[in-house]
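Only one structure is covered here, and it is reproduced in the block below.
Residue numbers begin at 1 in each chain, while the letters A, B, ... track the order of the sequences.
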Number of protein chains: 2
Amino acid sequence: MGRKPGTDSTTAHPSSSHVTLAVVLQVRAGSLAALLWQRAQDPFAGRWALPGGYLDPGETLEQSSRRHLAVKVDVRELAHLEQLATLSEPDRVPGEWQLATAYLGLVPSDLDPVLPADTGWHPIDRLPPPAFDHGAIVLAGRERLRGKLSYTNVGFALAPEEFTLSELRDLYAAALGHAVSATNLQRVLVRRDVIEPTGSRRAPGPVGGRPGALYRFRERRLAITDQFAVLRPPGPARAAAS
Amino acid sequence: MGRKPGTDSTTAHPSSSHVTLAVVLQVRAGSLAALLWQRAQDPFAGRWALPGGYLDPGETLEQSSRRHLAVKVDVRELAHLEQLATLSEPDRVPGEWQLATAYLGLVPSDLDPVLPADTGWHPIDRLPPPAFDHGAIVLAGRERLRGKLSYTNVGFALAPEEFTLSELRDLYAAALGHAVSATNLQRVLVRRDVIEPTGSRRAPGPVGGRPGALYRFRERRLAITDQFAVLRPPGPARAAAS
DNA sequence: GCAAAAGTGTTGTGTCTACACCCATGT
DNA sequence: ACATGGGTGTAGACACAACACTTTTGC
């Protein structure tokens with residue numbers, strides 16, 4: 001049967017249990033970082049695991065993921081949450097046949113949720129030793145984010161409400177893992193109507209330099225912005241938004 | 001507990017059960033068609049469902065999907081199978097809390113597997129009344145296919161080993177749902193090294209016309225061919241395949 | 001005035017669509 | 001010869017990268 005919360009884990013194994021796991025990503029100090037907690041007990045004592053836990057009867061997978069996450073991160077701080085995949089290899093967890101549905105969650109860079117002592121952010125290209133197959137899941141989350149940054153507006157989930165273009169460039173650069181030009185990023189995102197200027201400017205800093213104009217994302221829900229590059233329908237079917 | 005094969009389905013429901021479902025698509029007679037079987041019993045007696053069934057202990061989700069599919073379609077006829085999503089809404093199946101992991105399977109257009117009497121192909125834009133939430137799952141499968149046709153080589157899974165360009169154009173047109181130009185399709189796929197000429201030509205038909213050159217897909221495993229359109233890394237980092 | 005950061009103008013390139021034109025086959 | 005389909009050549013439209021140049025701030 002599905003594992004009931006509170007059941008002693010030393011009982012004979014049911015046919016399967018099901019957990020949800022979340023790859024929560026945020027750009028911190030110029031690097032893409034993942035939220036991990038350090039296991040105190042075997043298996044994999046001392047190694048780092050994704051936040052998550054058992055699925056409760058009657059809840060959806062997304063609710064389960066949000067519920068387990070609420071222990072680590074205030075749920076309202078998650079700007080986006082989407083399902084990644086469900087893993088089912090019989091040996092992915094020792095001693096138990098455990099299905100895991102992984103989610104990708106994104107936290108805007110201006111938030112800093114309070115975390116329990118055993119939990120922390122880790123730059124994604126210097127992960128500490130992972131528990132189970134969680135290392136691979138984190139990488140799958142990064143790939144998903146990279147892809148969606150290119151053809152959707154997911155950027156909104158990494159950015160604060162308002163930002164300058166250089167700040168946004170740094171977020172994209174950290175998430176994509178390569179240099180990004182603020183000049184070209186602006187033109188791409190404005191042409192696609194993904195971002196718009198707010199009209200105000202950031203207060204000038206102490207180091208000099210022209211203060212940057214502030215922008216915001218037009219939509220803060222996921223939308224596809226590159227309606228597919230290739231193999232478009234024929235004809236003069238290009239409608240322009242006003 | 002996970003439902004064991006042969007268990008009477010009238011026993012009390014466990015906390016959850018888990019099934020796999022497959023959206024199997026093939027281009028038939030110029031239309032994209034999905035494989036469905038007609039339910040004999042309630043719930044949803046007479047309505048059409050996706051092939052699939054309960055997950056057995058110790059098998060992976062993909063193995064489960066292939067196993068259930070083997071009843072309907074010879075597994076070797078599936079050119080591609082990938083996971084779509086896992087559904088968990090508590091009310092998606094009446095009287096039972098059932099998780100379902102959906103897969104997308106593709107069958108090349110030159111195959112015609114033998115099917116059980118209750119099973120058949122249905123053009124995807126004129127589906128018969130679906131059981132459960134299977135209508136939405138089929139549409140999700142089509143969306144996935146459309147997207148991947150644009151930036152991967154999935155076309156191989158819809159096409160026979162060898163084909164002319166007009167045949168391939170018809171497959172793409174059926175799957176994408178809009179007209180496709182054979183001229184441009186050829187140039188896109190050849191430039192990206194997705195297809196190559198075999199050297200031979202199709203035997204001339206009875207209606208006249210120049211016989212078409214035969215092509216094949218270079219790879220018959222999924223590969224990303226449009227390494228992302230936008231937000232590429234900077235610099236002269238364009239390597240060309242030989 | 002000078003350094004630093006932001007923003008704009010402009011040019012070049014690659015990739016795709018559209019369409020005209022040529023080629024090969026059957027009747 | 002002519003109809004029917006296959007294939008190539010070429011021109012135009014975008015969208016993007018790169019980079020020079022201008023603007024606005026602090027010192």
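For a distance-only test at 3.5 Å, the side chain of B/R169 fails to qualify as a donor-acceptor partner of the base of D/dG6. Residue side chain B/R210 does not reach the base of D/dT8 through any donor-acceptor N/O pair under 3.5 Å, judged by distance alone. With hydrogens and angles ignored, no donor-acceptor pair under 3.5 angstrom links the side chain of A/R201 to the base of D/dT23.
Between the CG atom of A/L185 and the P atom of D/dA15 there is a distance of 16 Å, given to the nearest Å. At whole-Å resolution of the value, CZ in A/F163 and P in C/dG7 are 12 Å apart. Note: CZ (B/R202) to P (D/dG7) measures 11 Å, nearest angstrom. The CD-P distance, from B/E167 to D/dG5, rounds to 14 Å in whole Å. D/dT23 atom P lies 19 Å from atom CG of A/L165, rounded to whole Å. A straight line from CG of A/L189 to C1' of D/dA15 spans 13 Å, rounded to a whole angstrom.
Residue A/R187 has its side chain nearest to C/dT10 when only D/dC16, C/dC16, C/dT10 are considered. In the set D/dA15, D/dG9, C/dG7, D/dG9 carries the atom at the smallest distance from any side-chain atom of B/T183.
Side-chain N/O atoms of B/Q186 include one lying less than 4.0 angstrom from OP1 or OP2 on D/dT8. Side-chain nitrogen and oxygen atoms of B/R191 include none within less than 4.0 Å of the OP1 or OP2 phosphate oxygen of C/dG14.
Contacts of A/S166 with the nucleic acid, taken as non-hydrogen atoms under 4.0 Å apart, involve only primed sugar atoms and P, OP1 or OP2. Looking at heavy-atom distances under 4.0 Å, A/A213 makes contact with sugar-phosphate atoms alone, never a base.
Applying the side chain to side chain contact (heavy atoms under 4.5 Å, CB included) criterion to B/P108, with sequence neighbours excluded, gives B/A79, B/D110, B/L111.
If you check the side chains of A/T86 and A/T101, you find a donor sitting under 3.5 Å from an acceptor.
No close placement of the A/F163 and A/F156 rings is indicated, their centers lying 6.0 Å or farther apart.
In this structure, A/N184 and A/G209 both approach DNA chain C, and ranking their closest nucleotides by distance from the 5' end singles out A/G209.
Salt-bridge annotation for A/E196 and A/R216: present, with a side-chain N of the basic residue lying under 4.0 Å from a carboxylate O of the acidic one.
When atom types are taken as modelled, the side chain of A/R169 and the backbone of A/T183 share no donor-acceptor pair closer than 3.5 angstrom.
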